[in-house]
Structure formats: structure tokens, C-alpha cells
A.B. asks: 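Structure below; questions to follow.
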Protein chains: 2
Amino acid sequence: MPATQKLRTAPRKQAIQPRALATVDAILEATARILVREGYDHASTNRIAEAAGVSIGSLYQYFPSKEALVAALMDRHVEEMSIVLQRETARVLDAPFESAIEHVVQAMLAAHAVNPKLHKVFVEQVPRVGRLQKIRDIEEGALRLARDFLEHRRTELRPGLDLDLASFIVVATVEALTHAAVLYRPDLLADRRMVNEVRDVVVRYLT
Amino acid sequence: MPATQKLRTAPRKQAIQPRALATVDAILEATARILVREGYDHASTNRIAEAAGVSIGSLYQYFPSKEALVAALMDRHVEEMSIVLQRETARVLDAPFESAIEHVVQAMLAAHAVNPKLHKVFVEQVPRVGRLQKIRDIEEGALRLARDFLEHRRTELRPGLDLDLASFIVVATVEALTHAAVLYRPDLLADRRMVNEVRDVVVRYLT
DNA sequence: AGCGAACCTGAGCGGTCGCTCACATCATGG
DNA sequence: CCATGATGTGAGCGACCGCTCAGGTTCGCT
């Protein structure tokens with residue numbers, strides 16, 4: 001690279017002063033609001049900046065692209081969900097079989113109740129950002145965890161079960177029923193009957 | 001309306017001559033290809049017309065908007081799936097319980113195997129077109145069918161089952177496992193083991 | 001052959017989008 | 001209290017998008 005290349009560092013910047021932190025936060029909050037209210041492709045960066053009460057220039061000081069902005073919001077959302085998930089599943093994996101399943105289901109529902117509307121937008125509308133890979137990673141982690149759990153409790157399962165296939169089925173079922181609740185019946189996210197039914201589906205399938 | 005209003009009929013037109021039918025077909029085929037290959041928001045109408053080997057003007061002779069074009073493709077896809085579904089479930093709803101469930105599951109998987117990649121795009125990317133209502137209608141129809149079926153077979157189910165909740169659970173489970181297969185394990189769509197597992201999940205939950 | 005209808009063409013309009021940059025304002029340490 | 005970096009501004013650029021329209025080409029029919 002010749003000397004003329006000024007190394008134009010990409011416009012990503014780390015906020016330091018409290019004022020800047022507030023700006024970043026306002027932008028993320030506004031992004032969430034607009035995404036939920038208007039949908040992904042009506043959520044233009046200009047509109048987001050306006051809703052956040054900052055100029056479009058400020059937005060691009062902290063996020064190098066719209067994609068990066070949405071990805072950052074996604075990270076924050078996933079982080080919040082993970083905290084709930086881990087808190088609710090910390091001590092139960094050695095609990096009695098049925099109770100362990102129940103707690104995991106309960107945790108999934110609670111995690112998705114953090115911000116169901118935003119979650120719905122991510123699931124339904126946000127395009128194949130590179131971040132989709134991250135979702136796949138989470139998915140794969142869940143699959144491995146489930147697989148290990150089933151292996152560990154092998155003696156309590158009905159015989160003849162293909163553990164690989166069974167873990168795929170179980171993970172997909174719990175996730176999917178949770179998502180179905182998010183999309184169509186958000187009222188069920190906090191309903192104990194939902195927890196019981198999903199637990200029954202899984203336990204009856206496995207034992 | 002004053003006389004100056006020329007009643008500018010919207011640019012939708014019905015193709016008559018075979019040449020025109022071929023054009024319409026080429027446009028729909030190209031739309032499917034581009035949607036799968038590039039994703040919804042990189043699928044510009046100009047790009048689609050180019051891929052179809054017709055001019056952009058021709059495209060807008062038959063489809064009044066991009067939305068209408070995608071909706072038409074969606075209709076065609078849903079139609080193809082419905083044919084498979086109905087063919088596979090026509091005679092089995094009076095079959096023995098377990099066998100009936102199995103055939104429905106088998107039919108769902110077969111229907112989704114028609115064009116899984118396109119289905120994936122519709123599920124993941126196509127925004128809240130008005131057509132989303134149509135999907136909800138199908139969903140609701142499935143729910144009612146399931147509810148009626150369970151009612152009809154009430155004596156074969158375990159007691160204490162809340163039929164409303166149970167039909168939601170069953171429909172969501174079958175749909176969701178099918179979709180999980182479409183998205184992550186398309187190989188399972190034609191795998192008999194998958195049919196067996198999903199049937200087991202449902203039957204064990206219900207009886 | 002001739003003619004009206006059906007069909008097809010593609011340059012380009014009006015608009016929006018993501019994003020940049022030259023500059024203003026604020027906050028802090030010397 | 002001023003100098004300097006951190007922070008904030010917003011007009012506007014270039015690209016692309018959905019879509020139109022004035023006019024050409026082909027078809028079906030007499």
C-alpha cells in the first residue's frame with residue numbers, strides 16, 4: 001500500500017465517556033423499537049437515528065453498517081436470554097429425570113419471554129446476516145448438551161432409542177414449541193400448563 | 001370520477017397465447033431460482049426479469065408488483081404441497097389410530113420435500129406480505145382438523161387431556177419437526193426413521 | 001396481404017436507502 | 001482558559017430499487 005493510503009480505519013469506535021455510552025444505548029433501544037414496530041426493511045438507519053434522537057452520523061460512529069447494528073442488538077438479546085437460561089438450568093441437570101426436563105422447558109419459555117416481540121422479528125424477518133452462523137452455533141451447542149444428557153441418563157430411557165436422532169427430535173421439539181408459543185400464543189409463555197404439556201411430550205417420547 | 005380519469009387498469013393481465021404462458025412460467029421459475037440463490041431482498045425485479053430472459057416490462061404486464069409476483073409463486077408452491085398432502089391423507093383418517101398419525105406425518109414430510117429450498121426462503125425471509133394471512137388460515141385449518149380428529153378418537157386417548165391444548169401441541173410439534181428437518185436436516189425428509197420418530201412423539205403424548 | 005390485438009422491449013423516472021465527510025460542539029487535563 | 005481529542009451534526013452522494021410508458025414486434029384472422 002502506497003503512502004497515500006491513510007489507513008482510513010473503519011468507523012467503528014468504542015464509546016468511552018458516559019455521554020457516548022448513553023448514545024450507543026439510545027441507538028440500540030431505538031433499533032429494537034423500530035424493528036418491532038416497523039419491521040426489518042422499513043427500519044432504515046435514518047429512521048432509527050431519528051427515533052434515537054441522534055444524528056445519522058453518530059450512529060455510524062459506533063456501528064460500521066446497518067448489519068453490524070442489528071447484529072449488536074441480536075447479541076444483546078441473545079445475551080439476556082442466555083442469562084435467564086443459565087440461571088434456570090444451573091442446578092437441575094442432576095435432578096430426577098422428569099423434573100430436569102421440566103426445568104429445562106421452563107427455562108426455555110422464560111428465556112423467550114424476555115422480549116418475545118423482538119425475538120419474533122429476529123426469527124421471522126432478519127435476513128441471513130453472517131450472524132445466522134451464531135444461531136447455528138447455539139443450536140449445535142444445545143444439541144450436544146442434550147445428547148450428553150441423554151447419554152448420561154441412558155438407563156432411564158426406553159431401550160432401542162437412537163440417541164442421535166432422539167436428541168435432534170427433543171431439541172427441535174422444545175425449541176419449536178417454544179417458538180410456536182412466541183409466534184402464535186405468547187400468552188402460553190408464562191402458563192404452567194404449557195410447561196406441563198411440553199414436559200409430557202418429551203418425557204413420554206423418551207421413556 | 002371526471003372524464004379525464006382513464007380508468008388506468010392495473011397492469012395485471014391474463015396470458016392467453018401459449019407464448020405468453022411460457023413467459024409467465026419463465027418469470028415464476030426465475031423468481032424461484034433467484035429467491036433461493038440470492039435471498040428475498042437481493043431478488044430485484046430487474047434481476048428476475050433478466051434471469052427469466054424477458055424484459056422488465058413483460059414482468060409488469062403479468063404481475064402488478066413484486067409483492068404480487070412473490071405471492072403468485074407462493075400460491076403455486078402451496079398448491080403443489082396441498083396436492084401431495086391431500087393425496088397422501090385421503091383415505092387414512094379412519095385408519096387405526098397409530099397408522100393414521102403415521103400417514104399424516106408421512107404426508108407432511110412428503111409435502112415439504114416438494115421444494116425444500118424454496119420453502120425455506122418463504123419461511124425464513126419473505127416479509128409480512130398480506131399473504132402471511134393465508135399461511136395463518138392454513139395453520140388454523142390444520143388446527144381445526146386436528147381438533148376434530150382428536151374429538152372423534154377421544155376414547156383412544158389418555159384421559160385428562162385438554163383437547164384444545166393438545167391439538168395446538170400436536171399441530172405445532174408435527175409442523176415444527178417438519179420445518180426443523182427442512183431447515184437443518186433435509187436428508188431426513190425422505191427418511192423412514194424420521195416418520196417413525198415423529199409418530200412416536202405424537203402417539204406417546206396422546207395415548 | 002393487411003390489420004388490429006396481444007405481446008414484448010428497455011431507457012429512464014422518482015424515490016429511498018445505506019453511508020460519508022467537512023465541520024461544530026463538548027469535556028478534560030495542563 | 002485554552003488546546004486537543006472525543007463526540008455529535010446533517011446535507012447530500014452514489015447506487016439501486018420498483019415501476020412506467022412510448023413504441024416496436026409477432027400472432028391470428030380475414
Side-chain angles (χ1 to χ4, degrees), chain A residues 4-28 30-31 34-35 38-73 125-127 129-130, chain B residues 4-28 30-31 34-35 38-73 125-127 129-130:
Chain A
T4 36
Q5 185 74 22
K6 269 296 173 81
L7 244 194
R8 296 220 138 279
T9 324
R12 4 167 171 137
K13 207 180 271 186
Q14 259 302 91
I16 302 292
Q17 303 178 2
R19 173 167 70 118
L21 287 171
T23 298
V24 169
D25 200 64
I27 293 170
L28 286 172
T31 306
I34 299 288
L35 275 183
E38 322 257 356
Y40 181 81
D41 32 327
H42 289 104
S44 73
T45 49
N46 282 294
R47 211 200 247 290
I48 288 172
E50 188 192 337
V54 306
S55 81
I56 181 64
S58 289
L59 190 153
Y60 277 95
Q61 290 230 333
Y62 299 107
F63 303 98
S65 68
K66 179 181 178 181
E67 190 175 314
L69 169 57
V70 173
L73 183 64
Q125 295 184 34
V126 174
V129 175
Chain B
T4 37
Q5 186 72 23
K6 269 298 174 82
L7 247 192
R8 295 221 138 280
T9 325
R12 3 167 172 136
K13 208 179 269 187
Q14 259 301 91
I16 303 291
Q17 304 178 2
R19 171 167 70 120
L21 287 172
T23 299
V24 169
D25 200 65
I27 293 170
L28 286 173
T31 306
I34 299 288
L35 275 183
E38 322 257 355
Y40 181 81
D41 33 327
H42 289 103
S44 74
T45 50
N46 282 295
R47 211 200 245 293
I48 289 172
E50 188 192 337
V54 306
S55 82
I56 181 64
S58 290
L59 189 154
Y60 277 95
Q61 291 225 335
Y62 300 106
F63 303 98
S65 67
K66 179 183 177 180
E67 190 175 315
L69 169 57
V70 173
L73 183 63
Q125 294 185 35
V126 174
V129 176

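Chain letters run A, B, ... following the sequence lines, proteins first and then strands; every chain starts at 1. No hydrogens, no waters, no symmetry mates; every other heavy atom, side chains included, goes into these values.
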A.B. asks: Which distance, rounded to the nearest 0.5 Å, do you find between the CD of A:Gln61 and the OG of A:Ser55?
C.D. replies: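 It comes to 8.0 Å.
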A.B. asks: What pair of heavy atoms forms the shortest contact from B:Tyr40 to B:Lys66, and how long is it?
C.D. replies: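 Reported closest heavy-atom pair: O-NZ, 3.5 Å.
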A.B. asks: Could you work out, with side-chain contact (heavy atoms from CB on, under 4.5 Å) as the rule, every residue matching A:Arg19, not counting sequence neighbours?
C.D. replies: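 Once residues adjacent in sequence are excluded, the partners of A:Arg19 under the side-chain contact (heavy atoms from CB on, under 4.5 Å) criterion are A:Gln17.
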A.B. asks: Please report the closest heavy-atom contact between A:Ala26 and A:Ala52, naming both atoms and the distance.
C.D. replies: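 That closest heavy-atom pairing would be O-CB, 3.6 Å.
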A.B. asks: Can you list everything that forms a side-chain hydrogen bond (donor to acceptor under 3.5 Å, both in side chains) with B:Asn46? Sequence neighbours excluded, please.
C.D. replies: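 Applying side-chain hydrogen bond (donor to acceptor under 3.5 Å, both in side chains) to B:Asn46 gives none.
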A.B. asks: Within residues 48-56 of chain A, which residues have any heavy atom lying less than 4.0 Å from an atom of DNA chain C?
C.D. replies: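 Those residues whose heavy atoms fall under 4.0 Å from DNA chain C, taken from residues 48-56 of chain A in numerical order, are A:Ile56.
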A.B. asks: Let me know the distance between CD of B:Gln61 and P of D:dT25, rounded to the nearest Å.
C.D. replies: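 About 16 Å, once rounded to whole Å.
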A.B. asks: Indicate yes or no: at least one non-hydrogen side-chain atom of B:Phe63 is less than 4.5 angstrom from one of B:Leu73.
C.D. replies: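 No. Closest side-chain heavy atoms not under 4.5 Å.
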A.B. asks: If you measure from CG on A:Asp25 to OH on A:Tyr62, what distance do you get to the nearest 0.5 Å?
C.D. replies: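 If we round to the nearest 0.5 Å, A:Asp25:CG and A:Tyr62:OH are 12.5 Å apart.
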A.B. asks: Taking all non-hydrogen atoms of both residues into account, name the closest pair between B:Arg47 and B:His42 and its distance.
C.D. replies: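 Looking at all heavy atoms of both residues, the shortest contact is NE-O, 3.3 Å.
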A.B. asks: Can you pull out how bent the helix from C:dA1-D:dT30 to C:dG30-D:dC1 is, comparing the axes over its first five and last five pairs, to 10°?
C.D. replies: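 Roughly 10° between the end axes, to the nearest 10°.
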A.B. asks: Not counting sequence neighbours, which residues clear side-chain contact (heavy atoms from CB on, under 4.5 Å) with B:Ser65? List them please.
C.D. replies: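 Checked B:Ser65 against side-chain contact (heavy atoms from CB on, under 4.5 Å); matches are B:Glu67, B:Ala68.
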A.B. asks: Polar atom pairs between nucleotides 26-30 of chain D and protein, under 3.5 Å, N or O only, would you list them?
C.D. replies:
none

A.B. asks: What is the distance, rounded to the nearest whole Å, between atom CD1 of B:Ile27 and atom P of C:dT9?
C.D. replies: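 In whole Å, C:dT9 P lies 9 Å from B:Ile27 CD1.
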A.B. asks: Are the side chains of A:Ile48 and A:Ile56 in touch, meaning some heavy atoms are under 4.5 Å apart?
C.D. replies: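 Side chain of A:Ile48 against side chain of A:Ile56, heavy atoms only: no contact under 4.5 Å found.
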A.B. asks: All N/O contacts under 3.5 Å from nucleotides 13-18 of chain C to the protein, with atom names and distances to one decimal?
C.D. replies:
{"from": "C:dG18", "atom 1": "OP1", "to": "A:Lys66", "atom 2": "NZ", "distance (Å)": "2.8"}
{"from": "C:dG18", "atom 1": "OP2", "to": "A:Thr45", "atom 2": "N", "distance (Å)": "2.9"}
{"from": "C:dG18", "atom 1": "OP2", "to": "A:Thr45", "atom 2": "OG1", "distance (Å)": "3.3"}

A.B. asks: With a 4.5 Å limit on heavy-atom distance, are the side chains of B:Leu69 and B:Thr31 in contact?
C.D. replies: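 Yes. Closest side-chain heavy atoms under 4.5 Å.
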A.B. asks: Could I get the full list of side-chain contact (heavy atoms from CB on, under 4.5 Å) partners for B:Ala51, not counting sequence neighbours?
C.D. replies: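 Counting only residues at least two positions away or on another chain, B:Ala51 forms a side-chain contact (heavy atoms from CB on, under 4.5 Å) with B:Ala30, B:Arg33, B:Ile34.
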